[in-house]
Chemist: 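There's a structure below that I have some questions on.
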2 protein chains.
Amino acid sequence: MNAHFANPKAWSPGGIAFRSEADPVAVLSSLDKGGQHPTVTYAANCEIYAQGERASALYRLSFGTVRLYRLLADGRRQISAFCVAGEVFGFEADAEHHFFAEAICAAGIRVYRKPLDGETAALLLPVALKALVRAQEHLLVIGRQSASERVAAFLIDMMERQGAPPTLELAMPRSDIADYLGLTIETVSRTFSKFRERGLLRLHGARTVEIVKAEALRQLSK
Amino acid sequence: MNAHFANPKAWSPGGIAFRSEADPVAVLSSLDKGGQHPTVTYAANCEIYAQGERASALYRLSFGTVRLYRLLADGRRQISAFCVAGEVFGFEADAEHHFFAEAICAAGIRVYRKPLDGETAALLLPVALKALVRAQEHLLVIGRQSASERVAAFLIDMMERQGAPPTLELAMPRSDIADYLGLTIETVSRTFSKFRERGLLRLHGARTVEIVKAEALRQLSK
DNA sequence: CGCCTCATTGATTCTACTCAATTCGGGTGG
DNA sequence: CCACCCGAATTGAGTAGAATCAATGAGGCG
């Protein structure tokens, strides 16, 4: 897709940084080269891999939504990311998965079991760096923002990742939002209600959110 | 140093994952190849780079400690990581720095301004993946653990990164610990005091911590 | 020695959590 | 088509834990 990536020099014509957007499609192409790869369909709440399992594949989401999370011994859960169509996940720093991955709703996933060659590894770097920036930004949200700010940040993020439509389909239940934001489901629910009362959004069913005042939400989340 | 890295195939002899530890020394060697690179000494609290600046170098810490952080508009701060000697930082997903980097105490830093070639990029991937795992683990601490658990996790982490000595020198003030853990300095201080009263540690000056019951702290942090 | 910053401790407030009771909405079967 | 069911979501009341505000204490440096 993005020919820019075919030539490693194109990454950093003048500096150390990668000018291009992290491009999972390029990684896909690289992985696809010379072989077929299965597309697996997972039903809602199916586990894709578990913490501690041997990491032996990369995954690219064709459709659906996936949650990546970690657990404490007593069951407390932190969702570190939601993956949507087009995104690549499953890369790890060593031979083991450090997280759980589960389909939130029905999801089509292409699985790449080939060993990682140097070229693909290099293509993967921008994807990993993008994930790193995301995780670090999420740290700021969770570490330093109030419940309202967190929920606003979540809604804005989801909106932008879906191409900023006026009405937004959330694939995940409140419990996932809560575990993503470091809150409880009650606090998430109350915050949605507060936003509704303030006219910032309308709810058409619990998971269909019409964003009425995106700018106000964006301001809140900063 | 680590010849393992000289051959890209060695990364993943059988699977998709990187078997080796992320090895900044290998990255350093790769960067060093065919050129001199300046070592700069920064005084305490000096800025190394700022958010929004053009990312044009990689940095490797020879000695000292560095904080990487992000700010909200009103000044709230989240420290996403502390870097110690040997670690590489400053890689970004695009042409801009997304974070601030500051020396906490006097720090020697080797700066690599060379454009990133494919080989170095590939070597950098394990380092980036390690940073990603760290950030995601930190999300769990901040999102789902109590103040005591967070401080315990911080102490155990610092201890292990310094080679698990009985007495631990903290380079950073309470305000940095607080901004790293998503707490206030008062809460951090009270938690240290509580641990002292419980006999888990002794304080020899505010930044010198003798870990008395490491196992109890480790248990707390899980 | 004295100053200034950093750290500790105390009193109080407030946000988000916990526990509990409804209500809503999507799916199923009569 | 409607009634019912069940999990998910909402709402309410009370509480706990960390933040805030304020005062005091300790260490390092000129």
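If you're wondering where the values come from, they're calculated on a predicted model, not measured in any experiment.
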Chemist: Among residues two or more places apart or on two chains, list those pairs meeting ring pair (Phe, Tyr, Trp, His ring centres under 6.0 Å) that have a residue in residues 65-89 of chain B.
Modeler: B:Tyr59-B:Phe89, B:Tyr69-B:Phe100, B:Phe82-B:Tyr180
Chemist: Check salt bridge (charged side-chain N to carboxylate O under 4.0 Å, His left out) between B:Arg174 and all other residues, then give those that pass, not counting sequence neighbours.
Modeler: none
Chemist: At under 4.0 Å between heavy atoms, which parts of nucleotides 4-9 of chain D does protein reach? Answer with one letter per nucleotide, 5' to 3': B base, S sugar-phosphate only, - none.
Modeler: ----SS
Chemist: Expressed in angstrom and rounded to an integer, what is the separation of B:Leu203 atom CG from C:dT8 atom P?
Modeler: 7 Å
Chemist: side-chain contact (heavy atoms from CB on, under 4.5 Å) between B:His98 and B:Glu92: does it pass, once the steps are laid out?
Modeler: CA-CA 7 Å; B:His98 292 209; B:Glu92 296 286 345; 3.7 Å; yes
Chemist: Kindly state each residue pair satisfying salt bridge (charged side-chain N to carboxylate O under 4.0 Å, His left out) with at least one member in residues 181-207 of chain A, sequence neighbours excluded.
Modeler: A:Arg202-A:Glu210
Chemist: Test of understanding: with side-chain contact (heavy atoms from CB on, under 4.5 Å), list the residues that count as partners of B:Ala103, not counting sequence neighbours.
Modeler: B:Tyr42, B:Ala107
Chemist: Of all residues at least two apart in sequence or in a different chain, which pass the side-chain contact (heavy atoms from CB on, under 4.5 Å) check with B:Pro166?
Modeler: none
Chemist: Test of understanding: with ring-ring contact (aromatic ring centres under 6.0 Å, His included), list the residues that count as partners of B:His97, not counting sequence neighbours.
Modeler: B:Tyr49
Chemist: Can you name the residues that form a side-chain contact (heavy atoms from CB on, under 4.5 Å) with B:Ala216, not counting sequence neighbours?
Modeler: B:Leu200, B:Lys213
Chemist: Within this structure, what is the CG-to-C1' distance between B:Asn45 and C:dC6, rounded to whole angstrom?
Modeler: 12 Å
Chemist: Any protein N or O atoms within reach of nucleotides 15-18 of chain C? Criterion: under 3.5 Å, listing atom names and distances.
Modeler:
unit_1: C:dA16; atom_1: OP1; unit_2: A:Ala147; atom_2: N; d: 2.7
unit_1: C:dC17; atom_1: OP2; unit_2: A:Thr184; atom_2: N; d: 3.4
unit_1: C:dC17; atom_1: OP2; unit_2: A:Thr184; atom_2: OG1; d: 3.1
unit_1: C:dC17; atom_1: OP2; unit_2: A:Thr187; atom_2: OG1; d: 2.4
unit_1: C:dT18; atom_1: O4; unit_2: A:Arg190; atom_2: NH2; d: 2.9

Chemist: Rounded to whole angstroms, how far apart are NZ on A:Lys194 and P on D:dT10?
Modeler: 14 Å
Chemist: What residues, two or more places apart in sequence or in another chain, satisfy side-chain hydrogen bond (donor to acceptor under 3.5 Å, both in side chains) together with B:Thr39?
Modeler: B:Arg110
Chemist: Looking at five pairs on each end of the helix from C:dC1-D:dG30 to C:dG30-D:dC1, what is the angle between the two axes, given to 10 degrees?
Modeler: 30°
Chemist: Rounding to a whole Å, what distance do you find between A:Glu197:CD and D:dT10:C1'?
Modeler: 11 Å
Chemist: Just grab all the ring pair (Phe, Tyr, Trp, His ring centres under 6.0 Å) pairs involving residues 199-222 of chain B, residues at least two apart or on different chains.
Modeler: none
